[in-house]
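All remarks here apply to the structure that follows.
Order of appearance sets the numbers: ligands from 1, and atoms from 1 within every ligand. Nothing here was measured: the structure is a model prediction, and the numbers come from that model.
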Amino acid sequence: MAANLSGKVFIVTGGFGALGRAVGEELVKRGARVALLDRSDSAGAGVPSATLAIGGVDLGDEAAAGAALARVREQLGAIDGLVNVAGGFAWETLQSGAVSTWDRMYEINLRTAVVASQAALPHLLERTGGRIVNVGALASVKAGTGMGAYAASKAGVARFTEALAEELKDTGITVNAVLPSIIDTPANRKDMPDADPTRWVTPQALAAVIAFLLSDESAPITGACLPVAGRV
Ligand SMILES: NC(=O)c1ccc[n+]([C@@H]2O[C@H](COP(=O)([O-])OP(=O)(O)OC[C@H]3O[C@@H](n4cnc5c(N)ncnc54)[C@H](OP(=O)(O)O)[C@@H]3O)[C@@H](O)[C@H]2O)c1
């Protein structure tokens, strides 16, 4: 039976993107109240209307993240969990690429998770059994050509997950990560027209795994980096 999240309050960063929207939908379906945070000003079509959508938040900015979290606390009540979905991708070889790509990947993928988690912690500590779920990537385990900057930033997410899980072990807050390979998004279908998307994990299936990691049932799991790769 699907984990029941009724009455809980969750924040999803990168909430206007393909995975963030699916996570928002899944959590609402399971009875949670959900805030979606994102950088763009407008939520756009497809963002679940039952969520609190807060745009214009650069999660690399500590003050902006703190203010957004405080707003969620005020509007939805005490916060039970944070899902760090915000991120991005770049494929670039070292020979043809720019060093600035490494900084950009770090900022988008790791810094956003660190800043949002630090802003969320005082709120999560108000409750028992808080949850943080980070979205890493399977490429962080073994990177192919052109994946260096992206994979290094996602390896940072994995190590951050482990370190924070240890730091919070005695608080009852768990910290875990999912490591997708390729998600079946419209962007990936467009970029890889010859691939077989039935092998990829769907945003909905990944959202269901994230929902489990947010549930009370996942309490004994912390510091895990869980591959969710479909048949890739
Ligand atoms: N798609 C895949 O195959 C795949 C595979 C493995 C891992 N992942 C990871 O899964 C997550 C979601 O992927 P997705 O396909 O749903 O990507 P997406 O559609 O691009 O969504 C990511 C969202 O995060 C936002 N974001 C980025 N930086 C931000 C910041 N500093 N502050 C606030 N919001 C920010 C983006 O805003 P902008 O549009 O303004 O950048 C975007 O709305 C990412 O972490 C990605 O690395 C994806």
Determine, considering heavy atoms only, which of [options] sits nearest to [atom].
atom: atom 21 (O) of ligand 1; options: P180, G15, G17; value: G17
atom: atom 2 (C) of ligand 1; options: D184, N109, L138, N188; value: N188
atom: atom 27 (C) of ligand 1; options: R104, M105, R39; value: R39

How close does the nearest protein non-hydrogen atom get to [atom], and which residue and atom is it?
atom: atom 8 (N) of ligand 1; result: Y150 OH, 3.7 Å
atom: atom 13 (O) of ligand 1; result: L19 CB, 4.4 Å
atom: atom 36 (C) of ligand 1; result: D38 OD1, 3.7 Å
atom: atom 33 (C) of ligand 1; result: V57 O, 3.2 Å

**Study point:** All pairs passing side chain to side chain donor-acceptor pair (under 3.5 Å) where residues 63-78 contributes a residue, at least two apart
**Key:** R71-Q75, R73-E126
Per-atom contacts of ligand 1 with [X], taking only distances under 4.0 Å to non-hydrogen atoms:
X: V85; answer: 11 (C), 12 (C), 44 (C), 45 (O)
X: G136; answer: 7 (C)
X: V135; answer: 9 (C), 10 (O), 11 (C)
X: L59; answer: 30 (C), 31 (N), 32 (N), 33 (C)
X: G88; answer: 47 (O)
X: I182; answer: 3 (O)
X: A18; answer: 16 (O), 19 (O)
X: D58; answer: 30 (C), 31 (N), 32 (N)

Should [X] be listed as contacting ligand 1, given a heavy-atom distance under 4.0 Å as the test?
X: K154; answer: yes
X: A139; answer: no
X: W200; answer: no

Which atoms form the tightest heavy-atom contact between [X] and [Y], and what is the distance?
X: T202; Y: D184; answer: CA-CB, 4.2 Å
X: A229; Y: L138; answer: CB-CD2, 3.8 Å
X: T185; Y: A18; answer: CG2-CB, 3.6 Å
X: P48; Y: R21; answer: CG-O, 3.7 Å
X: A224; Y: T161; answer: O-CG2, 4.1 Å

Review point. Under a 4.5 Å cut-off applied to non-hydrogen side-chain atoms, are K8 and D216 in contact?
Key: yes
**Study point:** Salt bridge present between E26 and R30 (N-O < 4.0 angstrom)
**Key:** yes
**Study point:** Under-4.0 Å heavy-atom contact between protein and atom 47 (O) of ligand 1
**Key:** yes
Point to revise | Non-neighbouring partners of S117 that pass side-chain hydrogen bond (donor to acceptor under 3.5 Å, both in side chains), sequence neighbours left out | key: N84
Review point. Which of these, T51, V34, L19, D38, sits in a side chain to side chain contact (heavy atoms under 4.5 Å, CB included) with V12?
Key: V34
Check your understanding: Per the ring pair (Phe, Tyr, Trp, His ring centres under 6.0 Å) rule, which among W102, Y106, W91, F89 passes with Y150?
Key -> F89
